[in-house]
Peer 1: 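Shown below is the structure under consideration.
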Amino acid sequence: MQLGIIGGTGTEGRGIAMRLAAAGVPVILGSRSLDRAASAVAAILASAGTLPIEAATNGDAIERADVVVLSVPFECVGAVLDAHRFRFRQASLVIDVTVPLVFAGGTPSLAPVAEGSAAEFVRARLAGAVRLAATFKTIPASTLGRLDAPLDCDEFVCGDSIEARDAAVALLARIPTLRPLDAGGLDAARTLERMTALAITLNKRYKARAARFRVVGLPPL
Ligand SMILES: NC(=O)c1ccc[n+]([C@@H]2O[C@H](COP(=O)([O-])OP(=O)(O)OC[C@H]3O[C@@H](n4cnc5c(N)ncnc54)[C@H](OP(=O)(O)O)[C@@H]3O)[C@@H](O)[C@H]2O)c1
């Protein structure tokens with residue numbers, strides 16, 4: 001499997017790259033600028049040691065990957081997909097991690113999205129043959145980027161088909177100390193994206209930075 005990340009230079013993209021590369025997944029870290037991608041990769045390797053991560057433009061990352069993580073601010077997702085829609089491989093899997101957060105006086109809420117969620121917005125803009133899952137929405141990027149710290153949490157996966165969800169669950173299951181949970185169809189992203197805002201609110205209330213979620217009461221998975 002080859003994984004590519006659009007917007008891989010951000011804290012979220014870098015954190016995902018580090019966790020998955022440390023689990024043995026080859027990662028192409030994409031950016032609008034090859035120089036920025038190369039700097040981000042150099043910084044990761046300097047701090048984390050040898051990992052299978054290479055730098056590329058977003059376009060190259062999409063064309064070379066069978067799993068593509070979309071990790072840019074929600075406001076530019078439409079423009080990014082317009083620019084790159086035809087680069088995705090047939091039957092590739094896109095993993096949407098975007099959250100349409102807005103802040104008023106430091107308080108997070110979700111911007112209205114006509115489709116219902118960021119993930120459904122993305123679905124409406126991808127070719128039919130491209131599969132879509134949404135995940136990595138409820139773990140803080142700074143926590144993902146600390147390879148020395150166990151995640152010890154659950155992460156929810158939703159998607160447009162059982163195949164997309166199974167593939168995303170299998171990918172996340174490669175990360176030690178993380179338990180992926182199949183949360184169902186893509187409309188579950190409406191809940192998951194609100195949970196991001198909840199995690200930020202909890203961090204603020206309790207002066208923390210690493211709030212994330214763990215579900216109890218499930219049978220052993
Ligand atoms: N941060 C978190 O804790 C967290 C947690 C869960 C989900 N998320 C979601 O993950 C996504 C990425 O988060 P982030 O904190 O990494 O965001 P970010 O740092 O603001 O942006 C990520 C990357 O997107 C690219 N980018 C910025 N503006 C762009 C534009 N107009 N067009 C194309 N590319 C652009 C930039 O890469 P280049 O300039 O190198 O192209 C940037 O490094 C967001 O949608 C966020 O809601 C974040």
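As the structure lists them, so they are numbered: ligands from 1, and atoms in each ligand from 1.
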Peer 1: CZ of Arg209: more than 12 outside heavy atoms within 6.0 angstrom?
Peer 2: no
Peer 1: Any idea which of Thr138, Val97, Leu101 brings a heavy atom closest to atom 9 (C) of ligand 1?
Peer 2: Val97
Peer 1: Note the single closest protein heavy atom to atom 31 (N) of ligand 1, along with its residue, its atom name and the distance in Å.
Peer 2: Cys76 CB, 3.5 Å
Peer 1: Determine whether any heavy atom of Ile6 lies closer than 4.0 Å to an atom of ligand 1.
Peer 2: no
Peer 1: What part of Ser71 sits under 4.0 Å from ligand 1 if we count only heavy atoms: the side chain, the backbone, both or neither?
Peer 2: both
Peer 1: Does ligand 1 have an atom under 4.0 Å from some heavy atom of Thr196?
Peer 2: no
Peer 1: Does the pair Arg190/Glu120 count as a salt bridge with the N-to-O cut at 4.0 Å?
Peer 2: yes
Peer 1: Applying the side-chain contact (heavy atoms from CB on, under 4.5 Å) criterion to Leu178, which one of Asp154, Asp152, Ile139 satisfies it?
Peer 2: Ile139
Peer 1: Looking at OG of Ser142 and CG of Asn203, how far apart are the two atoms once the value is rounded to the nearest 0.5 Å?
Peer 2: 8.0 Å
Peer 1: Would you mind checking if Arg89 and Asp66 are paired as a salt bridge, meaning a charged N to carboxylate O distance below 4.0 Å?
Peer 2: yes
Peer 1: Suppose the criterion is ring-ring contact (aromatic ring centres under 6.0 Å, His included): which pairs have a residue in residues 20-79, not counting sequence neighbours?
Peer 2: Phe74-Phe121
Peer 1: Looking at atom 46 (C) of ligand 1, what's its closest protein heavy atom, distance included?
Peer 2: Val99 N, 4.2 Å
Peer 1: Would you mind finding which of Glu75, Arg209, Lys137, Arg32 brings a heavy atom closest to atom 28 (N) of ligand 1?
Peer 2: Arg32
Peer 1: Anything under 3.5 Å between a donor and an acceptor, one on a side chain of residues 97-112, the other on a protein residue two or more places apart or in another chain? List them.
Peer 2:
from: Thr98; atom 1: OG1; to: Asp96; atom 2: OD1; distance (Å): 2.7

Peer 1: What residue and heavy atom of the protein are closest to atom 19 (O) of ligand 1, and at what distance?
Peer 2: Gly10 CA, 3.5 Å
Peer 1: Purely on distance, is any nitrogen or oxygen of Thr9 under 3.5 Å from one on ligand 1?
Peer 2: yes
Peer 1: When you measure from atom 25 (C) of ligand 1 to each heavy atom in Leu34, Ile200, Ile139, Val72, which option holds the nearest one?
Peer 2: Val72
Peer 1: Under 4.0 Å from any heavy atom of Pro140, which atoms of ligand 1 are there?
Peer 2: 3 (O)
Peer 1: May I ask whether atom 3 (O) of ligand 1 is less than 4.0 Å from at least one protein heavy atom?
Peer 2: yes
Peer 1: Please state which option from Gly7, Pro73, Pro100, Ala79 has its nearest heavy atom closest to atom 21 (O) of ligand 1.
Peer 2: Pro73
Peer 1: At less than 4.0 angstrom from any non-hydrogen atom of Ser31, what atoms of ligand 1 do you find?
Peer 2: 38 (P), 40 (O), 41 (O)
Peer 1: Which residue in the set Thr9, Val41, Ile6 passes side-chain contact (heavy atoms from CB on, under 4.5 Å) when paired with Ser31?
Peer 2: Thr9
Peer 1: Test side-chain contact (heavy atoms from CB on, under 4.5 Å) on Val67 and Gln2 and set out the steps.
Peer 2: CA-CA 6 Å; Val67 179; Gln2 177 67 68; over 6 Å; no
Peer 1: Which bit of Arg36 gets closer than 4.0 Å to ligand 1, counting heavy atoms only: side chain, backbone, both or neither?
Peer 2: side chain
Peer 1: When only distance counts, is Ala141 in polar contact with ligand 1, meaning an N/O pair under 3.5 Å?
Peer 2: yes
Peer 1: Strictly below 4.0 Å, N to O, side chains only: are Glu155 and Arg19 in salt-bridge contact?
Peer 2: no
Peer 1: Can you tell me if Ser33 has a non-hydrogen atom under 4.0 Å from ligand 1?
Peer 2: no
Peer 1: Which residue and non-hydrogen atom of the protein lie closest to atom 48 (C) of ligand 1, and at what distance in Å?
Peer 2: Glu12 OE1, 3.6 Å
Peer 1: From Asp182 CG over to Thr135 OG1, what is the distance, rounded to the nearest 0.5 angstrom?
Peer 2: 10.0 Å
Peer 1: Got a sec: does the CZ of Arg85 have more than 12 other heavy atoms crowding it under 6.0 Å?
Peer 2: yes
Peer 1: Mark up the atoms of ligand 1 that fall under 4.0 Å of a heavy atom belonging to Phe136, in ascending order.
Peer 2: 6 (C), 7 (C)
Peer 1: Is there at least one pair of N or O atoms, one from Thr11 and one from ligand 1, spaced under 3.5 Å apart?
Peer 2: yes
